Amino acid sequence: MDTPKYICVSVGWPYSNGDLHLGHLAGAYLPADIFARYHRMKGNHVLMVSGSDTHGTPISLEADARGISPQEVFSHYHKRFLLSLRAIGASFDLFTHTDTENHHQIAQDIFSTLHKRNYLYTEKQDLMYSEKEKRFLPDRYVEGTCYICGFQKARGDQCDNCGNLLDATKLISPRNRNNPSDELVVRQSEHFFLDLSQTANELLAYLDKRQSAWRTNVVNFTRNLIKQGLDTGLRGRAYTRDLDWGVRVPVDGWDDKRIYVWFEAVNGYFTASVEWAKNHGSPDVWKKWWYNPDAEVYYFIGKDNVPFHTVIWPAMLIGISGMYNEGDSTPINLPYDVPANEFMNVEGQKFSKSNNWAVWVPDMVKAYQADAIRFYMTRSFPETSDSDFTWEGFFTRVNNELVAAWGNLVNRMLGFAYKRYDGVIPEPNGLTPADEAILAKVEAGFDTVGALIEKVRLKDALNEALSLVRDANAYLDGRAPWKSIKDNPEDTPKSVYTILRVIDNLKTMLAPFLPFSSQKVHEYLGYDGQLFGDLTIQTYQESTRAHEALTYDPAKAIGRWEKSQLKVGQALREPSALFIKLDPEVVEIERAKLGKPRIEEPLEGE
RNA sequence: GGUGAUAUAGCUCAGUUGGUUAGAGCGACGCACUCAUAAUGCGUAGGUCGUUGGUUCAAGUCCAACUAUCACCA
């Protein structure tokens with residue numbers, strides 16, 4: 001067996017200002033989870049981290065709209081994230097949030113380190129200032145007439161009419177969105193900037209090294225972005241903002257500003273890794289992923305986040321290299337791969353929170369089996385281009401592929417074996433060439449499916465596994481144990497034993513995708529123990545406050561990405577249907593909910 | 001306006017470095033089978049690959065322009 005690798009699975013941080021929707025699952029959480037589960041079964045050391053983004057304007061806006069504090073907004077949704085993610089089986093070693101003492105402290109240390117090492121500079125910007133509120137207004141709080149198309153209700157950051165990004169200070173007759181009588185003036189404000197020009201060439205060289213493995217759109221996009229910056233002399237991007245909700249700028253006299261949410265949120269991968277190590281009583285183990293040249297750090301994100309993960313965060317990593325690791329010259333790891341997914345639309349239209357054109361994870365996990373959701377999502381992952389979630393597709397794929405091909409194969413043959421052989425795996429007394437052939441074909445899947453998962457081609461990987469399921473069905477059709485048991489009973493145990501072992505192999509191969517049902521198959525086959533570890537919600541106490549997090553405990557996991565060694569004589573457990581077949585009505589019922597106001601239902605455990 | 005990506009059978013998508021009759025799953029149609037949640041297997045019919053123009057002995061696969069969609073940025 002190969003030496004175990006250290007694999008860090010970093011997953012994008014969602015704003016906790018609303019429930020998770022299917023776009024979150026398709027873009028980041030499910031691909032990351034499949035990838036992580038596979039590597040755990042391979043025996044590698046996986047650290048999968050993410051958390052709620054608790055800062056930023058979206059949280060403040062939601063809080064203002066509801067008349068509650070930002071804390072109340074983010075804790076409410078953070079709790080719902082934890083419950084939703086646990087229900088869908090997202091096996092985070094740590095899903096925390098950004099309002100922990102740990103995160104604040106490290107984000108500030110990162111800022112200070114960059115500051116001390118001269119990667120930062122300051123510059124004055126023109127910004128909209130409210131005389132009444134005595135503060136600078138975030139762009140999204142400003143409204144006015146678009147200076148490009150003349151639309152009267154353009155937002156400060158973007159015009160909803162012409163789609164152009166705007167400069168809030170140039171809006172014609174600007175007003176405060178929350179207070180139209182307010183007087184707005186343009187004022188100068190000083191800010192810190194991250195000097196990207198210092199790290200550009202090192203990053204380009206790094207890209208050259210990794211480009212063959214990265215997705216073409218990610219590489220090309222990143223390279224051009226960096227080059228554009230160099231060509232146009234754009235040195236950097238603002239690291240601070242005029243806000244009061246966020247991580248404080250660790251510089252004297254900057255009390256009225258905060259670190260820009262995007263900059264501290266990407267620090268989260270690092271801060272969460274450190275937190276995980278602390279929580280486990282070995283505060284230095286995070287270095288096995290971050291300061292180990294053989295470790296691989298992956299970032300699972302949506303395409304809108306690419307620049308932050310391939311330009312800004314790597315620039316910061318170069319800048320802080322050696323931090324918390326004094327006396328050791330090993331550089332900190334840059335992203336090994338950033339397998340960004342495109343977007344998943346819903347019934348042909350873009351996701352929209354305000355119009356409720358969305359499918360929400362809490363609603364999904366209440367109504368449908370987690371593996372059914374995971375199956376259809378994986379079949380539709382937007383790996384190369386935007387994809388479409390349709391209820392018709394969900395219905396047909398689940399019923400005709402998951403239930404019919406795989407669920408039914410398991411159900412019919414485990415049932416057959418259980419009934420005909422007194423609940424015990426029969427002794428085959430040698431196998432026929434056809435039996436050997438199907439076993440060899442299925443076993444070869446461990447290499448082909450595994451290789452695809454390692455390349456993060458998860459759709460292809462699942463397709464490959466499914467085609468083995470079809471091969472198994474075809475094999476069964478040829479061997480027909482239900483027939484041989486009547487006219488050639490000595491032959492029957494051979495095909496029954498073979499198909500049980502084939503099912504055992506397929507259950508392992510499908511486990512990263514369908515962990516819940518694979519566990520069931522595992523038990524039906526008479527095995528004890530869990531393929532994967534336990535996913536629980538824990539409370540962690542810091543010096544002044546406590547927070548809840550989702551955490552994966554691998555202690556009980558026995559699942560291995562290895563060929564079945566199914567034992568003759570092992571007692572089976574009585575099987576029942578693996579999956580629930582969907583009623584055709586769900587298509588119309590679910591479609592009817594789109595675009596209509598949604599009532600947020602409490603989740604079990606909330 | 002700039003940069004990147006996407007556009008292939010009714011639907012959802014594959015198509016590595018250009019090369020004989022463009023692939024898969026689902027759906028449709030036909031046949032077989034009955035162990036199974038009417039599930040499974042076999043077979044058939046369906047595309048000239050967004051548009052236009054190039055390079056080449058040869059292009060879905062390279063180049064240019066254009067159109068549409070998505071993302072990021074100014």
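Just so it is clear, the values below take in all heavy atoms, side chains as well, and ignore hydrogens, waters and symmetry mates. Note on naming: letters A, B, ... go to the chains in the order of the sequence lines (proteins, then strands), and numbering restarts at 1 for each one. Since this is a predicted model, take the numbers as computed values, not measurements.
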Quick one: label [X] by what it contacts on the DNA or RNA (base, sugar-phosphate, nothing), any heavy atom closer than 4.0 Å.
{"X": "A/Lys486", "value": "sugar-phosphate"}
{"X": "A/Glu401", "value": "sugar-phosphate"}
{"X": "A/Ala474", "value": "sugar-phosphate"}
{"X": "A/Ser387", "value": "sugar-phosphate"}
{"X": "A/Arg479", "value": "nothing"}
{"X": "A/Asn473", "value": "sugar-phosphate"}
{"X": "A/Arg470", "value": "sugar-phosphate"}
{"X": "A/Lys227", "value": "nothing"}
{"X": "A/Leu476", "value": "nothing"}
{"X": "A/Lys459", "value": "sugar-phosphate"}

**OP:** Indicate, yes or no, whether a donor-acceptor pair under 3.5 Å links the base of B/A36 to the side chain of A/Asn408.
**Re:**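 When only heavy-atom distances are counted, A/Asn408 does reach the base of B/A36 through a donor-acceptor pair under 3.5 Å.
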Going by atom types only, do [X] and [Y] share a side-chain donor-acceptor pair under 3.5 Å?
{"X": "A/Asn505", "Y": "A/Thr508", "result": "no"}
{"X": "A/Asn217", "Y": "A/Glu342", "result": "yes"}
{"X": "A/Tyr299", "Y": "A/Asn305", "result": "no"}
{"X": "A/Asp242", "Y": "A/Ser189", "result": "yes"}
{"X": "A/Glu454", "Y": "A/Tyr38", "result": "yes"}

**OP:** Please indicate whether A/Glu585 has more than 12 foreign heavy atoms, meaning atoms of other residues, nucleotides or ligands, lying under 6.0 Å from its CD.
**Re:**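 Open.
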Original post:
Closest nucleotide of RNA chain B for A/Asp477 versus for A/Ser380: which of these residues is on the 5' side?
Top reply: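 Whichever sits nearer the 5' end wins; that is A/Ser380.
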**OP:** With RNA chain B as reference, determine whether A/Asn411 or A/Lys303 sits nearer its 5' end, using the nearest nucleotide of each.
**Re:**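 Of the two residues, A/Asn411 wins.
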Rounded off to whole Å, could you give me the [atom1]-to-[atom2] distance for the [X] and [N] pair?
{"X": "A/Gln228", "N": "B/C73", "atom1": "CD", "atom2": "C1'", "answer": "7 Å"}
{"X": "A/Gln349", "N": "B/U69", "atom1": "CD", "atom2": "P", "answer": "14 Å"}
{"X": "A/Leu578", "N": "B/A39", "atom1": "CG", "atom2": "C1'", "answer": "14 Å"}
{"X": "A/Trp391", "N": "B/C11", "atom1": "CH2", "atom2": "P", "answer": "22 Å"}
{"X": "A/Ile438", "N": "B/U40", "atom1": "CD1", "atom2": "C1'", "answer": "14 Å"}
{"X": "A/Lys350", "N": "B/C72", "atom1": "NZ", "atom2": "C1'", "answer": "12 Å"}
{"X": "A/Leu409", "N": "B/U34", "atom1": "CG", "atom2": "P", "answer": "18 Å"}
{"X": "A/Glu464", "N": "B/A24", "atom1": "CD", "atom2": "P", "answer": "14 Å"}

Original post:
Quick one: CG on A/Leu61 to CG on A/Asn17, what's the gap to the nearest 0.5 Å?
Top reply: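 It is 8.5 Å, given to the nearest 0.5 Å.
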Original post:
Once you round to the nearest 0.5 Å, how far does CD1 of A/Ile312 lie from OG1 of A/Thr199?
Top reply: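 A/Ile312 atom CD1 to A/Thr199 atom OG1 measures 10.0 Å (nearest 0.5 Å).
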Taking only the side-chain heavy atoms of [X] (C-beta and beyond), determine which of [options] contains the nearest atom.
{"X": "A/Phe221", "options": "B/U34, B/C70, B/C72", "answer": "B/C72"}
{"X": "A/Phe343", "options": "B/C72, B/C70, B/C35", "answer": "B/C70"}
{"X": "A/Asn220", "options": "B/A36, B/G4, B/U37", "answer": "B/G4"}
{"X": "A/Ala577", "options": "B/C13, B/U37, B/U12", "answer": "B/U37"}

Original post:
Between A/Asn400 and B/C26, does any side-chain N or O lie under 4.0 Å from OP1 or OP2?
Top reply: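 So the side chain of A/Asn400 is outside the cut-off, no N or O lying under 4.0 Å from OP1 or OP2 of B/C26.
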Original post:
Quick one: is A/Lys581 getting a side-chain N or O under 4.0 Å of the B/A39 phosphate, OP1 or OP2?
Top reply: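 True: A/Lys581 side-chain N/O within range (under 4.0 Å) of B/A39 OP1/OP2.
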**OP:** Specify the glycosidic conformation (syn or anti) of B/G23, with syn defined as within 90° of 0.
**Re:**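 B/G23: anti glycosidic orientation.
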Please measure how far the [atom1] atom in [N] lies from the corresponding atom in [M], and state the result in whole Å.
{"N": "B/A28", "M": "B/U67", "atom1": "C1'", "answer": "33 Å"}
{"N": "B/A32", "M": "B/G10", "atom1": "P", "answer": "30 Å"}
{"N": "B/C13", "M": "B/U8", "atom1": "P", "answer": "9 Å"}
{"N": "B/G50", "M": "B/A7", "atom1": "P", "answer": "8 Å"}
{"N": "B/U16", "M": "B/U61", "atom1": "P", "answer": "11 Å"}
{"N": "B/G15", "M": "B/A9", "atom1": "C1'", "answer": "14 Å"}
{"N": "B/U12", "M": "B/G47", "atom1": "C1'", "answer": "15 Å"}
{"N": "B/A64", "M": "B/C42", "atom1": "C1'", "answer": "48 Å"}

Original post:
A/Phe416 on top of B/C35's base, within under 5.5 Å and under 30°?
Top reply: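 Answer is no, no stack.
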Mate of [N] where both pairing distances stay under 3.5 Å, Watson-Crick or G-U:
{"N": "B/U21", "result": "none"}
{"N": "B/U40", "result": "B/A32"}
{"N": "B/C72", "result": "B/G2"}
{"N": "B/U16", "result": "none"}
{"N": "B/G60", "result": "none"}
{"N": "B/U48", "result": "none"}
{"N": "B/U67", "result": "B/A7"}

Subject >> Cation-aromatic face contact A/Arg374/A/Phe513, 6.0 Å, 45 degrees >> reply: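 No - A/Arg374 does not lie over the ring of A/Phe513 by the 6.0 Å and 45° rule.
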